[in-house]
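Counting from 1, the numbers follow the sequence of the chain as shown. Ligands are counted one by one from 1 in listed order, and the atoms in each one are counted from 1 as well.
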Amino acid sequence: MQSFNEIWKKAVVKMGEYLSGVSLNLWIKNLTPIEINKDSAILYIADSFQRDIIVSRYSDTIKNALSEVLGFDIELIIYSEEDKPSNIVFKEPQKEENSLIPEKLMPATKTDVEYTFDNFIVGNSNRFAHAAAVAVASNPATAYNPLFIYGGSGLGKTHLLYSIQNTIRNSFPHFKLIYIKGDEFTNELVAAIKTATTMEFRNKYRNADLLLIDDVQFIGGRESTQEEFFHTFNALYEAKKQIVLVSDRPPKEIQLLDDRLRTRFEWGLIADIQTPDYELRIAILQKKAELMKITLPPDVVQYIANRLKNNIRQLEGALKKTLAYYLLTGTPPSIAIAQSAIKDVLNENEPIPVTIDRVITEVGRYFNINPENIKGKKRTSDITNARQICMYIIREITQMSLPAIGEEFSNRDHSTVHHSINKVEEKINNNISFKSAINDLIANIKGK
Ligand code: ADP
Ligand code: MG
């Protein structure tokens, strides 16, 4: 059985992966876990000043760590001596025997579950991609090179990529394996250029025996990344090293991708993953329920499978929520519980501030411009351009008022926002590739 204390300890370990030892010791370790229920985790720290700092700087980190350990999302409440309610006992950490969650029922967290071929469930929609991945993992650089897998969000692409990596790591322990996401490749390259370490960067990638690039669509539109990647690709290909690429769309639909890369991406085998059919959705739910050691009545399985059709991550999410209700309230899975779990999963619409940040980050990444500059006052043409696009996309996605959008960008007034949006609209109407780049950005932002 697990108490909140133990859950908290695990969460602190998780936070150790993101925070420095100093932050951890100075702030996080001063928190005392008090109580947890299905909606919120309550923590305590005597000093209200310290509490305010923790809330402003670390809320998200704490919430993320807790939800990783628990397998579902939870709100955070931190009381200080000044504002603690009198009906809860503070200071004393919860006793171990006040256990809350049976240990063996704890949902497995992402880091615990390895992505392997063994736990990848095959159906019509992913059979081809799975077979291609298995072939490449068994015969690297002889079967298909490169292997290019594409498909929508939450359909198992990253799972397959990791499975290839894990299999090859076992059968070829001496191989140098590199797994990287397209945008991290870009960031690393930019950093290498800044610190004059491009030689090291090159050596690292060009000496790999297996290069796996996830979400490779993000290198579209980035000149220096594509140039560097082109040479990396050639070096590996000529040395007969396996390359596996994953993307949310086929090569020909990746915006602003150099032709020479596009053709290379198409040299080997291209495999797509489609949305799962009913049988696969049922099979996945049953298998995952079994792994979580939860018994789901058949009508509940069918109910979930009939409602979540396009995304396996969401199927899993609904299942975890159903389990969470069970663990925290003792209510066994039923259609009513599943219904509310599905609603939670589908309503995970983020609050508007998160969306704004995401727009600015995505657009910044696309044009290689620092988000601070986009929000700030500089008016060089590339920054202005990115800023106008952000305003346009925010208006599209959130329907926020023009003055409210202006406020997000160093208090610009509504006429500036109006002018910006008009500019972008004009360009969209006159330039097809600009139009599709913007649609693409919007799809990416919404799809996250
Ligand atoms: P993508 O990279 O395509 O967005 P992921 O590989 O991250 O998707 O998959 C999302 C979640 O769904 C993961 O937890 C993954 O394990 C699970 N998943 C996807 N497809 C399958 C499958 N065929 N069998 C088992 N789990 C799957
Ligand atoms: Mg992925």
Side-chain angles (χ1 to χ4, degrees), residues 64 67-73 107-134 136-137 147-167 179-185 212-219 244-250 253-254 270-292 294 296 301 304-305 308-324 341-342 345-346 348 362 443-448:
N64 290 341
S67 78
E68 259 194 77
V69 173
L70 289 164
F72 53 91
D73 290 341
T109 63
K110 200 155 203 136
T111 38
D112 296 336
V113 179
E114 265 215 298
Y115 288 146
T116 61
F117 287 126
D118 284 345
N119 56 28
F120 187 86
I121 300 156
V122 181
N124 293 327
S125 54
N126 58 24
R127 182 165 287 118
F128 184 57
H130 172 262
V134 170
V136 159
L147 171 61
F148 189 103
I149 299 175
Y150 74 88
S153 175
L155 295 182
K157 303 182 298 294
T158 298
H159 190 138
L160 280 181
L161 206 52
Y162 275 122
S163 304
I164 296 174
Q165 169 167 266
N166 287 329
T167 307
Y179 168 96
I180 188 148
K181 292 188 188 291
D183 53 338
E184 289 166 1
F185 184 83
L212 307 137
I213 305 213
D214 205 346
D215 294 326
V216 73
Q217 72 271 8
F218 286 125
I219 71 170
V244 185
L245 305 163
V246 159
S247 162
D248 64 352
R249 67 201 79 178
E253 286 174 24
I254 300 180
I270 300 189
D272 67 332
I273 305 188
Q274 300 287 334
T275 49
D277 58 18
Y278 181 73
E279 286 71 29
L280 181 58
R281 299 199 299 275
I282 295 275
I284 286 176
L285 284 169
Q286 283 170 339
K287 178 79 189 177
K288 303 242 159 179
E290 194 186 304
L291 288 174
M292 292 179 185
I294 179 175
L296 278 187
V301 174
I304 299 178
L308 296 174
K309 301 183 174 170
N310 300 322
N311 185 322
I312 294 170
R313 191 177 290 118
Q314 288 181 344
L315 273 185
E316 263 184 357
L319 197 61
K320 280 186 180 169
K321 294 237 154 149
T322 306
L323 174 66
I342 290 170
V345 168
L346 292 180
E348 271 165 5
E362 281 286 325
N444 266 335
I445 291 160
K446 284 189 174 164
K448 280 281 164 65

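Using a cut-off of 2.8 Å, one finds that S153 contributes no N/O/S atom close to the Mg ion (ligand 2).
Counting heavy atoms from C-beta outward, V216 and F185 have side chains that stay 4.5 Å or more apart. Between E362 and F218 there is a side-chain heavy-atom pair separated by less than 4.5 Å. Two residues are said to be in side-chain contact when any heavy atoms from C-beta on lie closer than 4.5 Å; R281 and L315 meet this criterion. Using a 4.5 Å cut-off on side-chain heavy atoms (C-beta onward), F117 and I164 make contact. Under the 4.5 Å side-chain criterion, counting only non-hydrogen atoms from C-beta, I213 is not in contact with I219.
Ligand-side atoms of ligand 1 in range of S153: 4 (O), range being under 4.0 angstrom from any heavy atom. For ligand 1, the atoms lying closer than 4.0 Å to a non-hydrogen atom of G156 are 1 (P), 3 (O), 5 (P), 6 (O), 8 (O), 9 (O), 19 (C), 20 (N). In the vicinity of L155, heavy-atom distances shorter than 4.0 Å reach the ligand 1 atoms 1 (P), 3 (O), 8 (O), 19 (C), 20 (N). Listed by atom number, the atoms of ligand 1 under 4.0 Å from F120 heavy atoms are 20 (N), 21 (C), 22 (C), 23 (N), 24 (N).
At least one heavy atom of G152 sits under 4.0 Å from some atom of ligand 1. For the ligand labelled ligand 1, residue G151 lies outside the 4.0 Å heavy-atom shell. Judged by the shortest distance from any of its heavy atoms, K288 lies inside the 4.0 Å radius around the atoms of ligand 1.
Of the possible donor and acceptor atoms, none in the side chain of N310 sits under 3.5 Å from a partner among the backbone N and O of S153. In terms of modelled atom types and a separation under 3.5 Å, the side chain of D214 and the main chain of Y179 share no donor-acceptor contact. For the pair K157 (side chain) and D248 (backbone), a donor-acceptor distance under 3.5 Å is absent.
Below 3.5 Å of separation, one finds no N or O of I312 facing any N or O of ligand 1. Between V122 and ligand 1, no N or O atom pair is found at a separation short of 3.5 Å.
Closest to atom 2 (O) of ligand 1 by heavy atom, among T158, N311, I273, is T158. Which of H130, R313, K287 comes nearest to atom 5 (P) of ligand 1 through a heavy atom is settled by distance: it is R313. The residue from G317, G154, S125 that puts a heavy atom closest to atom 4 (O) of ligand 1 is G154.
Atom NE2 of H130 sits about 10.0 Å away from atom CD1 of I273, to the nearest 0.5 Å.
Contacts of N126 with ligand 1, taken as heavy-atom pairs under 4.0 Å, involve the side chain alone.
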